[in-house]
**Student:** 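For reference, the structure I am asking about is given below.
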Amino acid sequence: MQVSVVVPTFNRRDIVLRTIETLFAQNFPAAQYEIIVVVDGSTDGSAAALRALQPACRFRVIEQENKGLAGARNTGFRAAESELIVFLDDDMLCDPTLVREHCVAHRPNEAAIGFGAIFLSPDSPPGLAAECFNREVGAYYLRHKQNPETPWPRSACAFSNASIPRRVLIGAGGFDERFRMREDAELGARLLGAGVEPRYVPAAVAYQFYRKTAGDLIRDAEAFGLSDRLFLRKHPELAGETFLGKIANEPRWKRVSRRTAAACPALTDGTLAPFCWLGEAFPHVRVLRDLGVRALQLRRGIHWYRKALSSEGNRT
């Protein structure tokens, strides 16, 4: 057994089944890898549907009460039997060579994290949320694909498609389960700070099936705001690499403007929501699509900042 693939999932039965099927089809010896799916408190029949599958590789389904991604990933890697752990989110459709590429990216007795590429799955529902993904996450990985030597920021580690030796995870204590968002960035900050080498693995490609809506992104932004504040409290030395830290050094007029907008999110939403609607309604009109994306990004930023401020007692 060379590789253990850990996939946490929560109430996304149909999506996780698609992901697992792409893992069953890997161009890698079936006897040399296992798949561990951690069903994190799902109530949609995910566990039963997964257990009905009959792959050639070893396959385990672990059920637990809902603990979030950090808790599910910790459960998965601690149950693993291989030294190399590959983490995948439950909505990643994998290239057939993904496991092999992660495996060859690591050398024995080496402390390194392999970050695979993540792009938008072509069959994802179109909309502003998918467009934001392409312009943000997808563009980030594309830049690294074009220039693999680009340094990986300590505050931007993602374990949605990543590999790491099990002993390194154990030595770091795993994911901090206080984080419901940014748990991967927080672990990455600790690992890279301890000298673990980040390594881009451009041929380990996963395509994210992205069906979030604009409303989902706004709710996520609020959760990120709380976690970003917690991240900064735990890692003040990284303030200069975080958006919260950069905001603190902005001109006073700009900070006041942000606070004013964050104090009245309903007013801001009412102003920006029509531009989002136009972008959704006329996606093939580039100017309207661009306006809609920018309006959605502004709305997310305002809701994110409001939550970040509230979690700090409005002291930043």
**Student:** Do you reckon Leu53 sits in the same ILVMFWY cluster as Val61, going by side-chain contacts under 4.5 Å, direct or chained?
**Tutor:**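 Yes, Leu53 and Val61 fall within the same hydrophobic cluster.
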**Student:** Hey, mind stepping through Tyr141 and Phe115 against ring-ring contact (aromatic ring centres under 6.0 Å, His included) and telling me if it holds?
**Tutor:** CA-CA 10 Å; Tyr141 282 98; Phe115 294 107; 8.3 Å; no
**Student:** Run Arg58 and Glu81 through salt bridge (Lys or Arg N to Asp or Glu O under 4.0 Å) and show every step you take.
**Tutor:** CA-CA 11 Å; Arg58 184 173 184 188; Glu81 295 191 358; 2.7 Å; yes
**Student:** Counting only N and O atoms by type, is there a donor-acceptor contact under 3.5 Å from the side chain of Glu83 to the main-chain atoms of Val3?
**Tutor:**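 Such a contact is absent between Glu83 side chain and Val3 backbone.
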**Student:** Find the distance between CH2 (Trp304) and CG (Asp228) and round it off to the nearest 0.5 Å.
**Tutor:**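 Nearest 0.5 Å value for the CH2-CG distance: 6.0 Å.
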**Student:** Flag the pair Thr22 / Asp95 as yes when at least one side-chain heavy-atom distance between them is below 4.5 Å, and no otherwise.
**Tutor:**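 No - every pair of side-chain heavy atoms lies 4.5 Å or more apart.
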**Student:** Could you give the distance from CD1 (Ile170) to CG (Asn74), rounded to the nearest 0.5 Å?
**Tutor:**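 Nearest 0.5 Å value for the CD1-CG distance: 10.5 Å.
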**Student:** Are any of the side-chain nitrogens in Lys212 or Asp220 under 4.0 Å away from the carboxylate oxygens of its partner?
**Tutor:**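 Salt bridge present between Lys212 and Asp220.
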**Student:** Do you reckon Phe24 sits in the same ILVMFWY cluster as Val37, going by side-chain contacts under 4.5 Å, direct or chained?
**Tutor:**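 Shared cluster, yes.
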**Student:** Aromatic ring centroids of Phe175 and Phe77 under 6.0 Å?
**Tutor:**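 Distance test on ring centres: not under 6.0 Å, no.
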**Student:** Any non-hydrogen side-chain atom of Arg135 less than 4.5 Å from a side-chain atom of Arg294?
**Tutor:**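 Not touching, per the 4.5 Å side-chain cut-off.
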**Student:** Under a 3.5 Å distance rule, please check whether Gln32 uses its side chain to pair with a backbone N or O of Pro29 as donor and acceptor.
**Tutor:**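 Not at all, since once roles are kept as given, no pair shorter than 3.5 Å links the two residues.
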**Student:** How close do Asp40 and Phe10 get, heavy atom to heavy atom, and via which atoms?
**Tutor:**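 Shortest heavy-atom contact: O-CD1, 3.1 Å.
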**Student:** How long is the span from the CZ atom in Arg229 to the CZ atom in Arg182, to the nearest 0.5 Å?
**Tutor:**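 It comes to 13.0 Å.
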**Student:** Do NZ/NE/NH1/NH2 and the carboxylate oxygens of Lys67 and Glu177 come within less than 4.0 Å?
**Tutor:**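 No, Lys67 and Glu177 are not salt-bridged.
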**Student:** Working to the nearest 0.5 angstrom, can you tell me the gap between His235 NE2 and Arg190 CZ?
**Tutor:**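 So the NE2 of His235 and the CZ of Arg190 are separated by 6.5 Å.
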**Student:** With clusters defined by side-chain heavy atoms of hydrophobic residues (ILVMFWY) lying less than 4.5 Å apart, directly or transitively, does Leu226 cluster with Leu187?
**Tutor:**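 Cluster IDs for Leu187 and Leu226 differ.
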**Student:** If you take all heavy atoms of Cys132 and Val293, which pair is closest and at what distance?
**Tutor:**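 Nearest pair, atom of Cys132 first, then Val293: SG-CG1, 4.0 Å.
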**Student:** Apply side chain to side chain donor-acceptor pair (under 3.5 Å) to residues Ser4 and Glu34 and explain how you reach the verdict.
**Tutor:** CA-CA 5 Å; Ser4 295; Glu34 65 174 348; 2.5 Å; yes
**Student:** Measure the shortest side-chain to side-chain distance between Leu238 and Phe231 over non-hydrogen atoms and say whether it is less than 4.5 angstrom.
**Tutor:**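 Result yes, sub-4.5 Å side-chain heavy-atom pair found.
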**Student:** Any side-chain to backbone donor/acceptor pair from Arg299 onto Ala273? Under 3.5 Å, distance only.
**Tutor:**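 Flag not set: sc Arg299 to bb Ala273 has no pair under 3.5 Å.
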**Student:** What pair of heavy atoms forms the shortest contact from Val38 to Ala72, and how long is it?
**Tutor:**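 The pair with the smallest heavy-atom distance is CG2-O, 3.5 Å.
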**Student:** On a heavy-atom basis, which atom in Pro165 and which in Leu84 lie closest, and how many Å separate them?
**Tutor:**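 Between these two residues, the closest heavy atoms are N-CD1, 4.0 Å.
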**Student:** With a 4.5 Å heavy-atom cut-off, do Leu191 and Ile164 have their side chains touching?
**Tutor:**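 In contact.
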**Student:** I'd like to check Leu98 versus His102 (side-chain heavy atoms, cut-off strictly below 4.5 Å). Are they in contact?
**Tutor:**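 Yes, close enough: below the 4.5 Å cut-off.
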**Student:** Indicate yes or no: does Glu183 engage Arg73 in a salt bridge with an N to O separation below 4.0 Å.
**Tutor:**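 Counted as a salt bridge, because a side-chain N and a carboxylate O are separated by less than 4.0 Å.
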**Student:** So with a 6.0 Å cut-off around CZ of Phe275, is the heavy-atom count from everything else above 12?
**Tutor:**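 Open: at most 12 neighbouring heavy atoms sit under 6.0 Å from CZ of Phe275.
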**Student:** Please check if the side chain of Arg306 supplies one atom and the backbone of Pro265 the other of a donor-acceptor pair under 3.5 Å.
**Tutor:**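 Flag not set: sc Arg306 to bb Pro265 has no pair under 3.5 Å.
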**Student:** Not counting sequence neighbours, list each pair that qualifies as a side-chain hydrogen bond (donor to acceptor under 3.5 Å, both in side chains) and has a residue in residues 246-256.
**Tutor:**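 Found Glu250-Arg258.
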**Student:** Hey, could you give me the CD/CG distance between Gln297 and Leu128, rounded to the nearest 0.5 Å?
**Tutor:**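 So the CD of Gln297 and the CG of Leu128 are separated by 9.5 Å.
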**Student:** Check the angle between the aromatic planes of Phe133 and Tyr210 and answer parallel, tilted or perpendicular using the 30° and 60° thresholds.
**Tutor:**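 Ring orientation, 0 to 90° scale: tilted.
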**Student:** Kindly write out the residues that satisfy salt bridge (Lys or Arg N to Asp or Glu O under 4.0 Å) with Glu280, not counting sequence neighbours, or none if the list is empty.
**Tutor:**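 Residues passing salt bridge (Lys or Arg N to Asp or Glu O under 4.0 Å) with Glu280: none at all.
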**Student:** Would you call Leu278 and Leu291 a side-chain contact if the rule is heavy atoms closer than 4.5 Å?
**Tutor:**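 Leu278 does not reach Leu291 side chain to side chain.
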**Student:** Between atom OG of Ser124 and atom CG of Asp91, what is the distance when rounded to the nearest 0.5 Å?
**Tutor:**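 Going from the OG atom of Ser124 to the CG atom of Asp91 covers 8.5 Å.
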**Student:** Give me the atom names and distance for the closest heavy-atom approach of Gln26 to Val99.
**Tutor:**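 Residues Gln26 and Val99, closest heavy atoms: OE1-N, 2.9 Å.
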**Student:** Just by modelled atom types, is the Arg100 backbone N or O under 3.5 Å from a matching donor or acceptor in the Thr97 side chain?
**Tutor:**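 No, because the side chain of Thr97 does not come within donor-acceptor range (under 3.5 Å) of the backbone of Arg100.
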**Student:** Is the backbone of Tyr207 close enough, under 3.5 Å, to the side chain of Ser121 for a donor and an acceptor to pair up by distance?
**Tutor:**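 Such a contact is absent between Ser121 side chain and Tyr207 backbone.
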**Student:** Which heavy atom in Arg180 sits nearest to a heavy atom in Asn66, and how many Å separate them?
**Tutor:**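 Heavy-atom minimum between the residues: NH2-OD1, 2.8 Å.
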**Student:** Inspect the contact between Arg12 and Asp89 and indicate whether a charged nitrogen and a carboxylate oxygen are less than 4.0 angstrom apart.
**Tutor:**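 Judged by the 4.0 Å cut-off on N to carboxylate O distance, Asp89 and Arg12 do not form a salt bridge.
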**Student:** Can any side-chain N or O of Asn161 pair as donor or acceptor with the backbone N or O of Ile118 at less than 3.5 Å?
**Tutor:**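 It does not hold such a pair.
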**Student:** Quick one, Cys157 and Asp184 - any side-chain contact, counting heavy atoms below 4.5 Å?
**Tutor:**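 No, every pair of side-chain atoms sits at 4.5 Å or beyond.
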**Student:** Is there a donor-acceptor pair under 3.5 Å between the side chain of Arg13 and the backbone N or O of Asp44?
**Tutor:**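 Yes, Arg13 side chain to Asp44 backbone: donor-acceptor pair under 3.5 Å.
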**Student:** Are Met92 and Phe59 linked, directly or through other ILVMFWY residues, by side chains that come within less than 4.5 angstrom of each other?
**Tutor:**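 Per the 4.5 Å side-chain linkage, Met92 and Phe59 are co-clustered.
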**Student:** Check the surroundings of atom CZ in Arg289: do more than 12 heavy atoms from other residues, nucleotides or ligands lie under 6.0 Å from it?
**Tutor:**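 Correct, the count exceeds 12.
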**Student:** Does Ser310 reach the main-chain N or O of Lys307 with its side chain, forming a donor-acceptor pair under 3.5 Å?
**Tutor:**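 Yes.
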**Student:** Going only through I, L, V, M, F, W and Y residues with side-chain contacts under 4.5 Å, is there a path from Ile15 to Val6?
**Tutor:**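 Not linked; separate clusters.
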